[in-house]
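Okay, so here's the structure we're looking at.
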Amino acid sequence: MTQEFYPFKEIETKWHKRWEEMGLFKMDQNSSKKKYYCLMMFPYPSAALHVGHGRNYIIGDSVTRYKIMRGYNVLSPMGFDAFGLPAENAAIKNKIHPEISTLNNIKTMRRQFDSWGAGYDWDREVVSCLPEYYKWTQWIFLQLYKKGLAYKKKASVNWCPSCQTVLANEQVIDGECERCSSQVILRDLEQWFFKITEYSQRLLDDLGLLRDWPEHVKLMQKNWIGRSEGVEIDFKVKDSNITLICFTTRVDTIYGVTYMVISNEHPAISELIKDEPNKKEIEKFIGETRKENAADRVGADIEKKGISTGRFVINPMNGKAVPLWIGNYVVTEYGTGAVMAVPGHDQRDFEFAKKYGLAIEVVIDNPKEHLDAGNMKEAYIEEGIMVNSEKFNGLPSLGAIEKIADFMEENRIGKREVHYKLRDWLISRQRYWGAPIPMIYCDKCGMQPVDEKDLPVLLPKDVLFKLHGESPLKDAPEFVNTKCPKCGGNARREIDTMDTFVDSSWYFLRYLSPKDDKRPFDKELVNKWLPIDQYIGGVEHAILHLLYSRFIIKVLYDMGYIGFKEPFAKLFTQGMITKNGIKMSKSKGNVISSDDLIKKYGADTVRLYTLFISPPEKDAEWSDRGVEGAWRFLNRVWRLVKQKFGSSSIDPLSNHLSTSLEAEKPEEDVRLKSLRQKTHSTIKKVTEDMEGAFHFNTAISSIMELVNKIYDSTNDELLATSDELKEAIQTVVILLAPFVPHIAEEMWEKLGNKESVFKAEWPCYNKDALMQDTVELPVQINGKLRSKIEAPSNAGEDEIKKLVLEDPVINKWIGGKPPKKIIIVKGKLINLVI
RNA sequence: GGGCGAGUGGUGGAAUGGCAUACACGAUGGACUUAAAAUCCAUUGAUCGCAAGGUCGUGAGGGUUCGACUCCCUCCUCGCCCACCA
């Protein structure tokens, strides 16, 4: 046996060059082939990539190459989500300008993509931190501003007092700053928002169009949008002309209201308590609980607290006056910030009522077990029968919801409303490394948008990176000082920059015309190429990035700039790669460097193992041993090709597989048939896996089976020289090409082919070739496997039944008695019921 | 607290009503070798048996079915997302 390992270094260098020369990944604008837009989420440029990152690009590249082989005109571009906090933080710490470190990282990443063999149309590269790109991000902002979808208001934001900066939600871990672990507080600041809430219903409805998205991702978006139907009810405040509106999904519990709670930030508070003797105490309570809101926001479990306002509100259904409280458990931003409290039928109200000795009443009785308000351990939140509810008594509570809502609307004490959990998208950041928001403040004319022809608003390079709670742009006078676009007088620029999610919400449009300096995107091309046929990325973007992109696309659609409503037709979310059960990260010290591995085993081994490790949508644990297995397999295939064809000149097989069925040989050997059958069932399996759920792991294992079969066959004289064997080897090479492109190309060449394997036609399986002369049928008795029989594959049911009943082993089992029933399943399995 | 997903050999996993454990890793034995590595061959769920073969076995318990890893109900464990949303 030869000791030679396949020379991956040579092969990789050779074919990278060849692919470059032949423009394998260049999309052909004039091609008549069917288009296929395959897109990987563009990455944030970070220095060292590990095998976990690699998985994303290896999956995407395998799909791209497969589609090229299937004859599509494939667009597979790549770019970089290059603005963002890490680069700016590094600038403060290491005194490197974010632009320098970012562009350096991009260079490293391009090299790494190359080393994986991941091919892209690099002429279309998009880098979001370059003015050629962010000019158009600013343009998008202006379109939203024009449409009234971008607005400024005061909002509470996460603030780290020690770093002196605003933090993104993702940077707040359990109420603490991710970097310095100090307690995050909320601060009220003027912020820019996009009015995504105006699109809540459409974002929800159009999830129905996304038939090729994973169900769980759609569900996450649905829950995030959080639609709920209910009724807004007017409660008059006693002895005043104030009316408080509260929202409820459970109007059936209206007669059980024993108090009302409003949020500690409710706008009516100052008016409500202005004459209250307790005013000082209430204000103190509000101050204290507002501080806690920050911790509350990040999910900490906070004790319910409240204070009475001394006021009463009137229940419009029965005229009863109930006390009005301020509580820390009412979410200001949701509904109306006021809640009708029904302690009998809401667990939160129940806990609050118990704590403060407020009344508990039962208005919905449990049909199984009579409820007693004095003895309840928890609220009864299920459906039931209405009691203590005047004319609605005796109705089932579910039906009563509609009846009471009708009644309220007729009597104008309430109206049906739909509320959403979705909040407007806060897009401004008090940070340097982002696209400047193109707005100008003039003392005379007020707030003015930058004229489109003056874009881009360039980010100044020479800025002092210091933390003082406001955008570093504030200290760049040449940036701040400008002229008013309306009156020409002195004015100031907006110093906040945009959230990087704005950059990434439209980049996939730019790939079609990345160098166009007249328009953000080419309408005609974009309409031709989108929606994206396959989008691939991490599930961590299941909500934010995907929702924001869907929103921006809908806005552009409404403005007539594009002709499609959803950007991503098909979505695939891959799992992470773990080591020792946890996500790879530098700080955990469990990173497997992909550079080192590629140096040792070559790119194809790393690719094969990464794809083989588990189904790609699942998390997978990395194993160094497993990599060796992949390496061994590739060498096994390599030797096979070299031994058979590598020596000197051989007869190249035709490009099309010799299904060799036309000439029905009368006495064909079963061994030949069996080998051909295996070849074709492998083609079938791999093709189905690639067209369906991307189960690369089972596709690869079926190729391994075929390789094992070929090895067995080489010991058989008849098979060793047969066309069937050549066909099998050729099939292995071509089926492996999307997964391990370099070695596949080299072997394809060794098989005598002049052209790249990616110009070859993907094999078709032949149904006749899948058939065998005889089949082995398992025989069950009462569902338990007992024996097997041989039967001709074209045997009818009666013939099979006869064979079964004549079989001596089966007769032994059934003791000669005829079975009650014989079930033959799809001609593949027999079950005798006795 | 709510929602979703998962639980199969020593390990990663395969099978979505029909032969449980494909494929691979690891392990054991053998061939080759002065030796090692590499390679090739064999065995590898548990258990009883000299063997033929039997019995048990997919987190636990129940159900539907001729037949259940797969469908239904109850429970346990783990993972992810959301989290005081009225």
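The figures that follow rest on heavy atoms only: side chains count, while hydrogens, waters and symmetry mates do not. Fair warning: this is a prediction, and the values are worked out from it, not measured in the lab. First the proteins, then the strands, lettered A, B, ... as listed; each starts at 1.
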Exercise for the section: Might you work through the salt bridge (charged side-chain N to carboxylate O under 4.0 Å, His left out) test for A:E333 and A:K421, ending with a clear yes or no? Expected result: CA-CA 9 Å; A:E333 299 88 346; A:K421 286 187 202 172; over 6 Å; no
Handout entry: Pairing partner of B:G26 (Watson-Crick or G-U wobble, both distances under 3.5 Å)
Key = B:U44
Exercise for the section: With RNA chain B as reference, determine whether A:G783 or A:I613 sits nearer its 5' end, using the nearest nucleotide of each. Expected result: A:I613
Practice task
Decide, yes or no, whether a salt bridge links A:K222 with A:E215 under the criterion of side-chain N to carboxylate O below 4.0 Å.
Solution key: no
Practice task
Ignoring backbone atoms, establish whether A:K685 has a side-chain N or O less than 4.0 Å from OP1 or OP2 of B:A14.
Solution key: no
Problem - Euclidean distance, atom CG of residue A:N328 to atom C1' of B:A86 [Å, nearest integer] - result: 15 Å
Practice task
Please tell me which of the listed nucleotides, B:A20, B:C66, B:C41, lies nearest to the side chain of A:R636?
Solution key: B:C41
Practice task
Identify the nucleotide, in any strand shown, that forms a Watson-Crick or G-U wobble pair with B:C69, with both distances under 3.5 Å; if there is none, say none.
Solution key: none
Practice task
Go through B:A22, B:G54, B:G13 for me and flag the one nearest to the A:E705 side chain.
Solution key: B:A22
Exercise for the section: Could you tell me which nucleotide pairs with B:U39 by Watson-Crick or G-U wobble geometry, both distances under 3.5 Å, or answer none if nothing does? Expected result: B:A31
Handout entry: Below 4.0 Å: OP1/OP2 of B:C23 and any side-chain N or O of A:S702
Key = no
Practice task
Starting from P on B:G18, measure out to CD on A:E776 and report it in whole angstrom.
Solution key: 19 Å
Exercise for the section: Sort out the partner of B:G7 for me: Watson-Crick or G-U wobble, both distances under 3.5 Å, none otherwise. Expected result: B:C76
Exercise for the section: Looking only at side-chain atoms of A:M704, point me to the closest of B:A86, B:G54, B:C23. Expected result: B:C23
Exercise for the section: Report yes if at least one side-chain N or O of A:R625 is closer than 4.0 Å to OP1 or OP2 of B:G26; otherwise report no. Expected result: yes
Practice task
Specify the separation, in whole Å, of atom NZ of A:K618 and atom P of B:G79.
Solution key: 15 Å
Exercise for the section: Run the numbers on A:S228 and A:Y334 for side chain to side chain donor-acceptor pair (under 3.5 Å), then give the verdict. Expected result: CA-CA 11 Å; A:S228 54; A:Y334 184 73; 2.7 Å; yes
Problem - CG/A:L426: more than 12 non-hydrogen atoms of other groups inside 6.0 Å - result: yes
Exercise for the section: Using only heavy-atom distances, decide whether a donor-acceptor pair under 3.5 angstrom links the side-chain of A:Q780 to the base of B:G18. Expected result: yes
Handout entry: No-H, no-angle donor-acceptor pair, A:K821 side chain to B:C66 base, under 3.5 Å
Key = no
Practice task
State the pairing partner of B:A52; accept Watson-Crick or G-U wobble contacts with both distances under 3.5 Å, and report none otherwise.
Solution key: none
Problem - A:E303 and A:K355 ion-paired at < 4.0 Å - result: yes
Problem - side-chain N/O A:Y329 vs B:A86 OP1/OP2, d < 4.0 Å - result: no
Practice task
Using heavy atoms to find the nearest nucleotide of RNA chain B for A:I700 and A:H216 separately, return the residue whose nucleotide is more 5′.
Solution key: A:H216
Exercise for the section: Consider the side chain of A:N708, meaning its heavy atoms from C-beta on, and name the nucleotide among B:A24, B:G3, B:C84 that approaches it most closely. Expected result: B:A24
Handout entry: Donor/acceptor link under 3.5 angstrom from A:K788 side chain onto base of B:C19
Key = yes
Handout entry: Where the chi angle of B:G9 falls, syn if within 90° of 0 and anti if not
Key = syn
